[in-house]
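Notes follow the structure.
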There are 2 protein chains.
Amino acid sequence: MTTIGAHEDRLFAALANTTRREVLRLLRDDGPQPVQALADHFDMRRPSLSEHLKVLREAGLVSEERAGRQRIYRLEAAPLADVQDWLHPYERFWRDRLKGLGDLLDRMPDDDET
Amino acid sequence: MTTIGAHEDRLFAALANTTRREVLRLLRDDGPQPVQALADHFDMRRPSLSEHLKVLREAGLVSEERAGRQRIYRLEAAPLADVQDWLHPYERFWRDRLKGLGDLLDRMPDDDET
DNA sequence: AGAATAGGTAGGAGATTCCCTACGAGTCAA
DNA sequence: TTGACTCGTAGGGAATCTCCTACCTATTCT
């Protein structure tokens, strides 16, 4: 049913936008806050930000809590642990090969271990 | 003009696709290989995979080396270190279990994973 | 009740994504 | 040189993204 990787697709796609990453940073640094307080930081109409919040919600990265006529958004960092888990098997590839920027490493005879 | 976060946008966007993440996994697990060897794993025409490889190249996640009429693609994991760096300030938000205050945030205190 | 406030939704425009088929540029083998 | 092989690019179409303006509901305050 759920196509393979659909959850990770949504997660990475949610992060692939500067505005949305900035929202996450604001929630992380300034704590839970209503929509308007978030919107004040962006050169963008509020409905557009609402849609970004929807994307973040559907990725599980934020939650909303109703407080009167406001909706308080809160960072939900759990999905980011999934990102780190995904990252983990690649870690040795940038730890082992702390190579210089040269293209000469490909020509090193002892570098190739296919 | 908005160079702000453009690099990270491209990086996360490159990862926001199951096919492209699978390409990275193949390069990680099976080592550098030509395009056709990669394409064999997907239900997709080769030119489409070529475009995925272009996205990965522009995100710096793979490099190509010409070998005769083949092009050998290789995993370049360095940008993934940037992802981990981006992730780092959020880490305490899923390691700490919050600081009380919530109402429904974590009603089960013994839900700890090992 | 009526007005003001907070914020989601509808629908559209323009750009981008992701797949396809055709075709072009190099490279190897006969 | 001719032909086969590898791979990228051009261009198109359907879907999706990201912004907008209008509009709607829900809540709070006179």
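Within every chain, numbering begins at 1; the chains are lettered A, B, ... in the order of the sequence lines, protein sequences first and strands thereafter. Predicted model, so just to flag it, every value in this text is computed and none were measured.
- Between the side chain of E51(B) and the base of dC19(C), a donor-acceptor pair under 3.5 Å is found.
- Note on E22(B) versus R20(B): no salt bridge recorded, every NZ/NE/NH1/NH2 to OD/OE distance being 4.0 Å or above.
- When the nearest nucleotides of DNA chain C are assigned to G68(B) and H52(B) by heavy-atom distance, the more 5′-ward of the two goes with H52(B).
- In this model, the phosphate group of dT17(C) is not approached by any side-chain N or O of N17(B) to a distance below 4.0 Å at OP1 or OP2.
- A distance of 6.5 Å separates CZ in R25(A) from CG in D30(A), rounded to the nearest 0.5 Å.
- Here dC19(D) presents its C1' atom at 12 Å from CG of L49(A), a figure rounded to the nearest Å.
- Protein atom CZ of R10(B) is 16 Å distant from nucleotide atom C1' of dT17(C), rounded to whole Å.
- L53(B) has its CG atom 16 Å from the P atom of dT6(D), to the nearest Å.
- Rounded to whole Å, atom P of dT18(D) lies 11 Å from atom CG of L56(A).
- Straight-line distance from the CZ atom of R45(B) to the P atom of dT6(D): 16 Å, rounded to whole Å.
- Residue-level contact check: Y73(A) touches the backbone only, with heavy atoms under 4.0 Å from sugar-phosphate atoms and none from bases.
- Residue R45(A) places its CZ atom among 12 or fewer non-hydrogen atoms of other residues, nucleotides or ligands, all under 6.0 Å distant.
- Atom-to-atom, CZ of R66(A) to P of dG8(C) comes out at 8 Å; the value is rounded to the nearest Å.
- dA15(C) atom C1' lies 15 Å from atom CG of D9(B), rounded to whole Å.
- Separating the CE atom of M44(A) from the P atom of dC20(D) is a distance of 6 Å, rounded to the nearest angstrom.
- Checking the phosphate oxygens (OP1, OP2) of dC19(C), no side-chain nitrogen or oxygen of S48(B) falls inside 4.0 Å.
- Close to dT18(D), at under 4.0 Å from its OP1 or OP2, lies a side-chain N or O of R20(A).
- Applying the ring-ring contact (aromatic ring centres under 6.0 Å, His included) test to pairs two or more places apart or on separate chains, none has a residue in residues 16-61 of chain A.
- Nearest nucleotide to the R69(A) side chain, out of dT9(D), dA6(C), dA4(D): dA6(C).
- At a threshold of 4.0 angstrom between heavy atoms, the contacts of P34(A) are confined to the sugar-phosphate backbone, with no base atom among them.
- Between E58(B) and R10(B), no side-chain nitrogen of the basic residue sits less than 4.0 Å from a carboxylate oxygen of the acidic one, so the salt-bridge criterion is not met.
- Heavy atoms of R71(A) sit under 4.0 angstrom from primed sugar atoms or phosphate atoms, though from no base atom.
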